[in-house]
Amino acid sequence: MKKLIYSLITSVLVMVLLVSCSLPPVQPVTRIDLMQTRVYDKFIIDESPEELLYALNTRGEVVVEGKRNIPGKNFPVFVKLLATTEGVHVLEYDR
């Protein structure tokens with residue numbers, strides 16, 4: 001009986017982990033949606049907008065290395081873009 005309960009709990013945990021993976025957005029992200037976030041104004045990012053759009057439309061999220069766009073200062077950050085039903089969300093994390 002205990003073995004059955006443990007296997008059931010384990011299978012539920014595995015299913016939760018598999019479901020929580022990144023999924024592509026329901027509506028594809030367009031270049032206009034990406035540019036409305038002003039991510040290229042706030043940060044210096046080496047990746048092109050097309051590369052970010054491809055990653056957002058296939059995986060639903062992307063994390064890129066960048067720098068805050070402050071002249072004369074160097075603040076390296078990780079920029080995370082999430083494609084949600086409300087639009088593209090931009091999060092930044094210090095490196």
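In what follows, residues are counted from 1 in the order of the sequence shown. In this text, all values refer to a predicted model and were calculated from it rather than measured experimentally.
Panel note: side chain Asn57, backbone Pro28; no donor-acceptor pair is recorded below 3.5 Å. For Gln36 (side chain) and Asp33 (main-chain N/O), no donor-acceptor pair under 3.5 Å exists by modelled atom type. Side chain of Asn69 to backbone of Asp41: a donor-acceptor contact under 3.5 angstrom is found.
How far CG of Asp94 is from CZ of Phe78: 10.0 Å, rounded to the nearest 0.5 Å. Taking CD of Glu61 as the reference point, atom CG of Leu91 lies at 10.0 Å (rounded to 0.5 Å).
At a threshold of 4.5 Å between non-hydrogen side-chain atoms, the residues Leu52 and Leu81 count as touching. By the 4.5 Å heavy-atom criterion applied to side chains, Lys80 and Val90 are not counted as neighbours. Inter-residue side-chain proximity for Phe75 and Ile70 is flagged as met; some heavy-atom pair is nearer than 4.5 Å. Contact annotation: the side chain of Ile5 approaches that of Ile9 to within less than 4.5 Å [non-hydrogen atoms, C-beta and beyond]. Between Lys67 and Asn74 the shortest side-chain heavy-atom distance falls below 4.5 Å. Between Pro76 and Glu65 the shortest side-chain heavy-atom distance does not fall below 4.5 Å.
Pairing each heavy atom of Leu56 with each of Pro25, the nearest pair is O-CD, 3.2 Å. The heavy-atom pair separating Pro49 from Arg31 by the smallest distance is CB-NH1, 3.7 Å. Scanning all heavy atoms of the two residues, the minimum distance from Leu8 to Ser11 falls at O-OG, 2.8 Å.
A continuous path of Ile, Leu, Val, Met, Phe, Trp and Tyr side chains, each step under 4.5 Å between heavy atoms, connects Tyr40 with Val79, placing both in one hydrophobic cluster. Under the 4.5 Å side-chain heavy-atom criterion for grouping Ile, Leu, Val, Met, Phe, Trp and Tyr, Leu82 is not connected to Val39 through any hydrophobic cluster. Cluster membership check: Val29 does not share its hydrophobic cluster with Val63, using side-chain heavy-atom separations under 4.5 Å among Ile, Leu, Val, Met, Phe, Trp and Tyr.
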Run the side chain to side chain contact (heavy atoms under 4.5 Å, CB included) check on Leu34 and Leu53 step by step: do they pass? CA-CA 8 Å; Leu34 181 63; Leu53 286 173; 4.0 Å; yes

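Between Arg68 and Glu92 there is a salt bridge, since a side-chain N of the basic residue sits under 4.0 Å from a carboxylate O of the acidic one.
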